[in-house]
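Note that the numbering runs from 1 along the sequence shown for the chain. Being a predicted model, the structure only gives us computed values, none of them experimental. All heavy atoms count here, side chains included; hydrogens, waters and symmetry mates do not.
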Amino acid sequence: MHILKSFLKFMIIRRCHHSVGIIGAPFSRGQRKDGVEKGPDYIRTAGLTEKLQAQGCQVKDYGNLKLDDVPNDEPFRKVRMPKTVGLANQHLADAVHTVKKEGRACVVLGGDHSLAIGSILGHARSQRDLCLVWVDAHADINTPLTSPTGNVHGQPVSYLLKELQSKIPVMPGFSWIKPCITAKDIVYIGLRDLDPEEHYIVKNLGIKSFSMTELDRFGMGRVMEETCDHLFSKVNRPIHLSYDIDALDPLVAPATGTPAIGGLTYREGIYVAEEICKTGLLSAVDLVEVNPSRGKTEEEVRSTVNAAVSVVLSCFGKAREGSHPINYQLPEP
């Protein structure tokens, strides 16, 4: 019995404890569809904080940022509301920097994907040599000159890349932005809806990317192995995961602004988060583009919000094989 007890104690795996800081960024001006600003509160209402705590995380919720429109915000060429988008991202960068200074992994709940500009720049202030895993149906790498819509949520990567600095015009509200990553620091997962100019930029810069075609060919296991090999072949680096809920197929997450059929299954989407968690290097997460107003039914909204919560939980240790006990004491024989 004593041998069995010792063996069972040895076999018990204790969960990792993560310190997590949550920032709500209820912002919609990087695109044209109202409702995405509701995303943070819907995700909280679904129990994100309580569920993180239940799996052993220490959580501090910093609340929602106050992100107001800038008066008289005229378009810059096609780019809509540049001052408003720029100022919102500046506030978010400061908030993310604060979370990181306090030693927590940062979770940004969007809001639209233009927020990745501030989230990643704020992260880069406190963590050197970041790498970026961008999980999305879209590359979001249009420049202000190539964007067909002028929506900044389709452009954030271009402002962050050093190789594209010469392609970005001086724009009101964006003078504070300094590129912080290079093409070799990024891996795209789940791409399936790129503009021709974006496809050219991704290929011309040699950015590592996995479209849905490649995911079908290789499988998600190999995709994640190659992702880690690419980013950590020489040294371990902090990971910024920027996760657009539209990476998931609309059958899983329909309540989003730009759904694209043929996306990640629920299992594939969760697997990405699980594998990044296993590296022990995850430092910040964006979970964006949950838009409750785009759901046609309550079930569509619920499915999308629950998928978003599941992704975040998997980023911080939730395992589908079941929860591991914390400080479990075996009964005496």
Would you find a donor on one side and an acceptor on the other, under 3.5 Å apart, between the side chain of N89 and the backbone of G86? no
Ignoring hydrogens and angles, state whether a donor on the side chain of S211 or E214 is under 3.5 Å from an acceptor on the partner side chain. yes
On a heavy-atom basis, which atom in D246 and which in A137 lie closest, and how many Å separate them? OD1-N, 3.3 Å
Establish whether V290 and L52 are linked, either directly or via other cluster members, by ILVMFWY side-chain heavy-atom contacts under 4.5 Å. yes
Residues H113 and S242: side-chain donor-acceptor under 3.5 angstrom: yes
Nearest heavy-atom contact between F218 and V223 is CB-CG2, 4.5 Å
Could you go through the side-chain contact (heavy atoms from CB on, under 4.5 Å) check for S126 and H97 one step at a time? CA-CA 6 Å; S126 57; H97 183 50; 3.7 Å; yes
Considering non-hydrogen atoms only, spot the tightest contact between E300 and R294 and give its length. OE1-O, 4.4 Å
Run the side chain to side chain donor-acceptor pair (under 3.5 Å) test on Y62 and R104 for me, step by step, so that the C-alpha distance in whole Å, both residues' side-chain angles and the decisive distance to 0.1 Å come before the verdict. CA-CA 12 Å; Y62 291 74; R104 296 180 171 88; 2.9 Å; yes
Could you walk me through whether E225 and R222 pass the salt bridge (Lys or Arg N to Asp or Glu O under 4.0 Å) check? CA-CA 5 Å; E225 288 176 7; R222 180 172 164 186; over 6 Å; no
E37 and R29 ion-paired at < 4.0 Å: no
Pair H240-Q127, side-chain donor/acceptor within less than 3.5 Å: no
Whether H153 side chain and D140 backbone form a donor-acceptor pair below 3.5 Å: no
Please determine if D41 and K38 form a salt bridge, counting it only when a charged side-chain N lies under 4.0 Å from a carboxylate O. no
Between H91 and K66, what is the shortest heavy-atom contact and its length? CD2-O, 4.3 Å
Going through the checks in order, is the side-chain contact (heavy atoms from CB on, under 4.5 Å) test met by V107 and I23? CA-CA 6 Å; V107 176; I23 300 170; over 6 Å; no
Taking the basic N atoms (NZ, or NE/NH1/NH2) and the acidic carboxylate oxygens, is any pair closer than 4.0 Å for R237 and D129? yes
Would you say the side chain of V152 lies within less than 4.5 Å of the side chain of R80, judging by non-hydrogen atoms? no
Taking the side chain from R192 and the backbone from A247, do they hold a donor-acceptor pair closer than 3.5 Å? yes
Do the side-chain N and O atoms of H138 and D244 include a donor-acceptor pair separated by under 3.5 angstrom? no
Would you kindly say whether T213 and D216 are connected by a side-chain donor-acceptor distance under 3.5 Å? no
Any donor-acceptor pair under 3.5 Å linking the side chain of S314 with the backbone of S310? yes
Taking K100 for its side chain and S283 for its backbone only, find out whether a donor-acceptor pair lies under 3.5 Å. yes
Going by atom types alone, do D112 and S28 pair a side-chain donor with an acceptor below 3.5 Å? no
Under 3.5 Å, side chain of E275 to main-chain N/O of V272, donor-acceptor pair present? no
Within the 4.5 Å heavy-atom criterion, are T279 and C228 side-chain neighbours or not? yes
What pairs meet the ring pair (Phe, Tyr, Trp, His ring centres under 6.0 Å) rule with one or both residues in residues 257-311, with sequence neighbours excluded? none
Let's go through Y188 and V135 carefully: what are the C-alpha distance in whole Å and the side-chain angles of both, what is the deciding distance for side-chain contact (heavy atoms from CB on, under 4.5 Å) to 0.1 Å, and is it a yes or a no? CA-CA 6 Å; Y188 281 116; V135 184; over 6 Å; no
Close side-chain approach of I276 to C315, heavy-atom, < 4.5 Å: no
If you compare all heavy atoms of P148 against all heavy atoms of N142, which two are closest, and at what distance to 0.1 Å? CD-ND2, 3.8 Å
Looking at V96 and G122, what are the two nearest heavy atoms and their distance? CG1-C, 3.9 Å
Within a radius of less than 6.0 Å around CD of E298, do more than 12 heavy atoms belonging to other residues, nucleotides or ligands occur? no
Is the shortest distance from a Lys or Arg side-chain nitrogen in E226 or K208 to a carboxylate oxygen in the other one below 4.0 Å? yes
Using atom types as modelled and distance alone, determine if a side-chain donor or acceptor of D249 lies under 3.5 Å from a backbone N or O of L251. yes
Determine whether V252 and T265 make a side-chain contact, defined as any pair of heavy atoms from C-beta on separated by less than 4.5 Å. no
Taking Q55 for the side chain and L313 for the main chain, is one N or O donor matched with an acceptor at less than 3.5 Å? yes
Going by an N to O cut-off under 4.0 Å, is there a salt bridge joining E102 and K60? yes
For V202 and I141, run side-chain contact (heavy atoms from CB on, under 4.5 Å): C-alpha distance rounded to whole Å, both residues' side-chain angles, the deciding distance at 0.1 Å, then the answer. CA-CA 8 Å; V202 170; I141 200 170; 4.1 Å; yes
Is there a side-chain contact between F27 and S114 (heavy atoms, below 4.5 Å)? yes
Would you say the side-chain atoms of T143 pair up with the backbone N or O of T146, donor to acceptor, closer than 3.5 Å? yes
Under 6.0 Å from the CZ atom of F232, do we count more than 12 heavy atoms belonging to anything else shown? yes
Check for a donor-acceptor pair, side chain of S158 on one end and backbone N or O of Q155 on the other, with a separation under 3.5 Å. yes
How long is the straight-line distance from OG of S119 back to CG of L92, given to the nearest 0.5 Å? 5.5 Å
Below 4.5 Å, heavy atoms only, C-beta onward: do M81 and V70 meet side chain to side chain? no
Does a donor on one side chain and an acceptor on the other come within less than 3.5 Å for D69 and T84? no
Pairs of donor and acceptor atoms involving the side chains of residues 162-175, under 3.5 Å and at least two apart or interchain, shall be tabulated with distances.
unit_1	atom_1	unit_2	atom_2	d
E163	OE1	A183	N	3.2
E163	OE2	A183	N	3.0

